[in-house]
K.L.:
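Shown below is the structure under consideration.
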Amino acid sequence: MKTIIEPFKIKVVEPIRMTSRAERERIIAEAGYNLFQVSADDVLIDLLTDSGTSAMSAEQWAGIMRGDEAYACSKSFYRFQDAVRGIFGFRHVIPTHQGRAAERILFSVMCKQGDVVPNNTHFDTTRANCEYAGAEAVDLPIAEARQPAALHPFKGNMDTRALAALIDKVGAERIPLCMITVTNNSGGGQPVSLANIREIKAILEPHGIPLYIDACRFAENAWFIKQREEGQAERSIREICREMFAYADGCTMSAKKDALVNIGGFLCTNDDRLAERERDLLILTEGFPTYGGLAGRDLEAIATGLEEVLREDYLQYRIVSTSYLGQAITDAGVPIIQPPGGHAIYIDAAAMLPHIPPLEFPAQALAIELYNEAGIRSVEIGTLMFGRKDPESGEALPGPMELVRLAIPRRVYTQSHLDYVAEAIIEVYQRREAIRGLRLVYEAPFLRHFTARLEPLD
Ligand SMILES: *Cc1c(COP(=O)(O)O)cnc(C)c1O
């Protein structure tokens, strides 16, 4: 088989700047050993997130010029609505400025104090908006999802027995909706099978509990279904998407992921009464129902992006380039969450750096070393992000895992960029015993990872 290539050529370029190791060591020290505090101009390869970092196509930029900026009922809204309906099939399409705005509106309208909302794994903004509406956010991933090295073709699946048990335990009247996140971002970008969605729907239906899909990476999920699920290989991505969403009553979407744009989102539902209340809330904080906090040009770019993301040559390149990076470092012995997910590779820093205890932030130490070595920005998902203080003793407690996430922006980097990243990771891996932990010198009371300051231990 020939090399799978980037299915595009490059019309506009954005220079990136190489720095020296000495410069980077000074920069990271000034940033308090926190990569969120490093200027993007001082980063060579930025793998902090795949959200809002996609490169738009010539057609999307043309759409930006065609955008109709009429306040009400603009032409761009109807193009957007047609594109969303054509893929997802829902009756009501409500634009929002990003995914979390859709979540806030959905949970405000559907949830009240004491409710319970299950999901395979709630993304952090989903959990926060659910809890803000007074509901309890419950994660029900399958057992394999909690073991980084365990192989499973659909490691993002929900544990359907646990879902049935939850309904028995708390009662259907306390569960206003169930969600399923495709792909499961917080669980390593792992896909959910059609069979699992079908089974979830069958469990919910007799109780009258609606199913909503957190659709951020719906096309990547559909690609995995086509590759891995029995009987799906001959179907088009669009057909697979149609079936995925046919089991759902609505969805939330961050267009910053699989709509290939830099800002935007939407909320969909088939429920006329809910849609009315959702639009009322939308007007209060987002805008008129045909723009919802976006410009007409943004709606155009989303409409085009949703069509482009379904192309099989794009999806093949996308998923293969992520696994290419995962395979290159796995072959050298680097422990990662297996198998590689759709949008990111997660290095298991606890397995790679067993000599650094969790309270000395092994994943952060590895992320810092990757920056010092090669100017690569990744993100720690470990004790710095999820560590807690014991409410009684005040003692520091570690996070559940020590991961370094390398998220791949869509259509931004080429194979040689990924070769460079793999080489840098392997070099760091080969001298891993020399890496030392860190200590906190400042932390904010909430979401400390964004602003924390640290220093290296000698
Ligand atoms: C990014 C994301 C969101 C939130 O979307 P924003 O556009 O960042 O507000 C929700 N769910 C998942 C799974 C995501 O990846």
Side-chain angles (χ1 to χ4, degrees), residues 1-8 54 57 59 82-90 120 142 144-145 151-158 160 180-185 187-203 205 211-251 253 257-260 268 270 303-324 326-327 338-344 408 410-411 415:
M1 200 163 109
K2 295 195 178 63
T3 302
I4 293 162
I5 60 168
E6 290 83 4
F8 48 80
S54 299
S57 66
E59 270 312 303
D82 286 349
V84 174
R85 278 196 186 140
I87 297 166
F88 299 84
F90 298 114
N120 46 351
I142 56 171
E144 287 86 345
L151 286 170
H152 189 291
F154 292 101
K155 215 175 172 178
N157 279 356
M158 181 183 278
T160 48
I180 182 95
T181 306
V182 300
T183 58
N184 186 1
N185 183 1
Q190 300 290 334
V192 175
S193 69
L194 270 180
N196 190 242
I197 303 176
R198 206 180 291 130
E199 213 180 309
I200 292 165
K201 181 66 183 172
I203 292 171
E205 195 137 52
L211 174 63
Y212 276 71
I213 297 182
D214 180 337
C216 297
R217 298 177 181 80
F218 74 97
E220 293 173 6
N221 199 83
W223 177 258
F224 282 116
I225 288 174
K226 187 177 165 85
Q227 300 306 304
R228 296 181 185 172
E229 195 158 351
E230 215 180 297
Q232 301 300 320
E234 300 307 316
R235 295 177 83 189
S236 73
I237 295 297
R238 189 182 283 276
E239 279 175 307
I240 293 170
C241 290
R242 265 311 185 92
E243 184 176 344
M244 270 164 56
F245 290 98
Y247 300 121
D249 300 275
C251 73
M253 171 79 184
K257 317 315 182 357
D258 268 357
L260 301 172
C268 293
N270 282 333
T304 302
L306 286 173
E307 299 298 326
E308 291 177 356
V309 81
L310 299 180
R311 290 189 53 150
E312 296 198 5
D313 55 357
Y314 162 76
L315 283 168
Q316 182 183 41
Y317 138 79
R318 168 72 179 157
I319 301 301
V320 163
S321 53
T322 304
S323 67
Y324 175 81
Q327 199 56 52
Q338 294 287 0
H343 69 292
I408 321 285
R410 296 170 180 78
R411 304 192 293 206
Q415 184 172 339

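For clarity, every value in this text was computed on a predicted model and none was experimentally measured. The first residue of the sequence shown is numbered 1, and numbering continues consecutively from there.
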K.L.:
A side-chain contact here means heavy atoms from C-beta on lying under 4.5 Å apart; do Pro339 and Arg228 qualify?
P.N.:
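Side-chain contact under 4.5 Å: yes.
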K.L.:
Flag the pair Ile237 / Trp223 as yes when at least one side-chain heavy-atom distance between them is below 4.5 Å, and no otherwise.
P.N.:
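Side chain of Ile237 against side chain of Trp223, heavy atoms only: contact under 4.5 Å found.
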K.L.:
Apply the test side chain to side chain contact (heavy atoms under 4.5 Å, CB included) to residues Tyr317 and Ile5: give CA-CA distance (whole Å), side-chain angles for both, the deciding distance (0.1 Å), then the verdict.
P.N.:
CA-CA 7 Å; Tyr317 138 79; Ile5 60 168; over 6 Å; no
K.L.:
For Gln190 and Thr183, which I'm curious about, is there any donor-acceptor pair between the side chains at under 3.5 Å?
P.N.:
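No, Thr183 and Gln190 have no side-chain donor paired with an acceptor closer than 3.5 Å.
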K.L.:
With no hydrogens and no angle check, is any side-chain donor or acceptor of Ser236 less than 3.5 Å from a backbone partner on Glu239?
P.N.:
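Side chain of Ser236 to backbone of Glu239: a pair is present.
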K.L.:
So does Gln338 get a backbone contact from the side chain of Lys155, meaning a donor-acceptor N/O pair under 3.5 Å?
P.N.:
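Yes, the answer is positive, given that a donor and an acceptor are paired below the 3.5 Å cut-off.
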K.L.:
For the atom pair CD1 (Ile213) and CE (Met244), what is the distance rounded to the nearest 0.5 Å?
P.N.:
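The CD1 atom of Ile213 sits 5.5 Å away from the CE atom of Met244.
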K.L.:
Okay, side chain of Glu229, backbone of Ala195: is any donor-acceptor separation there less than 3.5 Å?
P.N.:
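Yes; judged by distance alone, with no hydrogens or angles, the pair exists.
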K.L.:
Side chain of Asn157, backbone of Asn196: donor and acceptor closer than 3.5 Å?
P.N.:
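A pair under 3.5 Å: no.
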K.L.:
Any carboxylate oxygen within less than 4.0 angstrom of a Lys/Arg side-chain nitrogen, looking at Arg410 and Glu220?
P.N.:
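Result for this pair is yes, salt bridge flagged.
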K.L.:
Where do Ser323 and Pro340 come nearest, in terms of heavy atoms and distance?
P.N.:
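In terms of heavy atoms, the two residues are closest at CA-CB, 3.9 Å.
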K.L.:
If you round to the nearest 0.5 Å, how far is SG of Cys241 from CG of Asp258?
P.N.:
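Here the rounded value is 9.0 Å.
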K.L.:
Can you pull out every ring-ring contact (aromatic ring centres under 6.0 Å, His included) where at least one residue sits in residues 229-248? Sequence neighbours excluded, please.
P.N.:
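Counting only pairs at least two positions apart or across chains, the ring-ring contact (aromatic ring centres under 6.0 Å, His included) contacts touching residues 229-248 are Phe88-Phe245.
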K.L.:
To the closest 0.5 Å, what do you measure between CE (Met253) and SG (Cys216)?
P.N.:
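Output value for this atom pair is 6.0 Å.
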K.L.:
With rounding to the nearest 0.5 Å, note down the distance linking CG in Asn221 to CD1 in Ile240.
P.N.:
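Reported to 0.5 Å precision, the distance equals 10.0 Å.
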K.L.:
How many angstroms lie between atom CD1 of Ile408 and atom CZ of Arg411, to the nearest 0.5 angstrom?
P.N.:
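That separation rounds to 15.5 Å.
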K.L.:
Please examine the side chains of Glu307 and Arg238, heavy atoms only from C-beta on, and report whether any two atoms are closer than 4.5 Å.
P.N.:
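Yes. Closest side-chain heavy atoms under 4.5 Å.
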K.L.:
Does the side chain of Leu211 come within less than 4.5 Å of Ile197's, by heavy atoms?
P.N.:
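Counting from C-beta outward, Ile197 and Leu211 do come under 4.5 Å.
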K.L.:
With a 3.5 Å distance limit and no angle check, can you tell me whether Asn120 reaches the backbone of Thr181 through a side-chain donor-acceptor pair?
P.N.:
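At least one qualifying donor-acceptor pair exists.
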K.L.:
Take Leu194 and Gln232 through the test side chain to side chain contact (heavy atoms under 4.5 Å, CB included) and record every step on the way to the result.
P.N.:
CA-CA 9 Å; Leu194 270 180; Gln232 301 300 320; 3.5 Å; yes
K.L.:
Is Glu234 paired with Lys226 through a side-chain N to carboxylate O contact shorter than 4.0 Å?
P.N.:
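Answer for the salt bridge query: no.
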K.L.:
Mind checking the CD-CG spacing from Glu205 to Asp249? Nearest 0.5 Å is all I need.
P.N.:
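Nearest 0.5 Å value for the CD-CG distance: 8.0 Å.
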K.L.:
Can you name the nearest heavy-atom pair linking Thr322 to Gly342, along with the distance?
P.N.:
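Scanning both residues completely, I find the closest heavy atoms to be OG1-O, 3.0 Å.
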K.L.:
Does the distance from a Lys or Arg side-chain N to an Asp or Glu carboxylate O, for Arg198 and Glu243, drop under 4.0 Å?
P.N.:
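Looking at Glu243 together with Arg198, the answer is yes, because their closest N to O distance falls below 4.0 Å.
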K.L.:
Show your reasoning for whether side chain to side chain contact (heavy atoms under 4.5 Å, CB included) applies to Arg235 and Ile225.
P.N.:
CA-CA 10 Å; Arg235 295 177 83 189; Ile225 288 174; over 6 Å; no
K.L.:
Report the residues that fulfil side-chain hydrogen bond (donor to acceptor under 3.5 Å, both in side chains) with Asn185, sequence neighbours left out, ordered by chain and then residue number.
P.N.:
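Asn185 satisfies side-chain hydrogen bond (donor to acceptor under 3.5 Å, both in side chains) with His343 only.
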K.L.:
Before you tell me yes or no, could you show the steps for Val192 and Met158 under side chain to side chain contact (heavy atoms under 4.5 Å, CB included), namely the whole-Å CA-CA distance, both residues' side-chain angles and the distance that decides it to 0.1 Å?
P.N.:
CA-CA 8 Å; Val192 175; Met158 181 183 278; over 6 Å; no
K.L.:
Search all heavy atoms of Ala248 against all heavy atoms of Phe90 and return the closest pair with its distance.
P.N.:
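Result for this residue pair: O-CE2, 3.4 Å.
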K.L.:
So, Glu308 and Ser57: side-chain donor and acceptor under 3.5 Å apart, yes or no?
P.N.:
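Short answer, yes.
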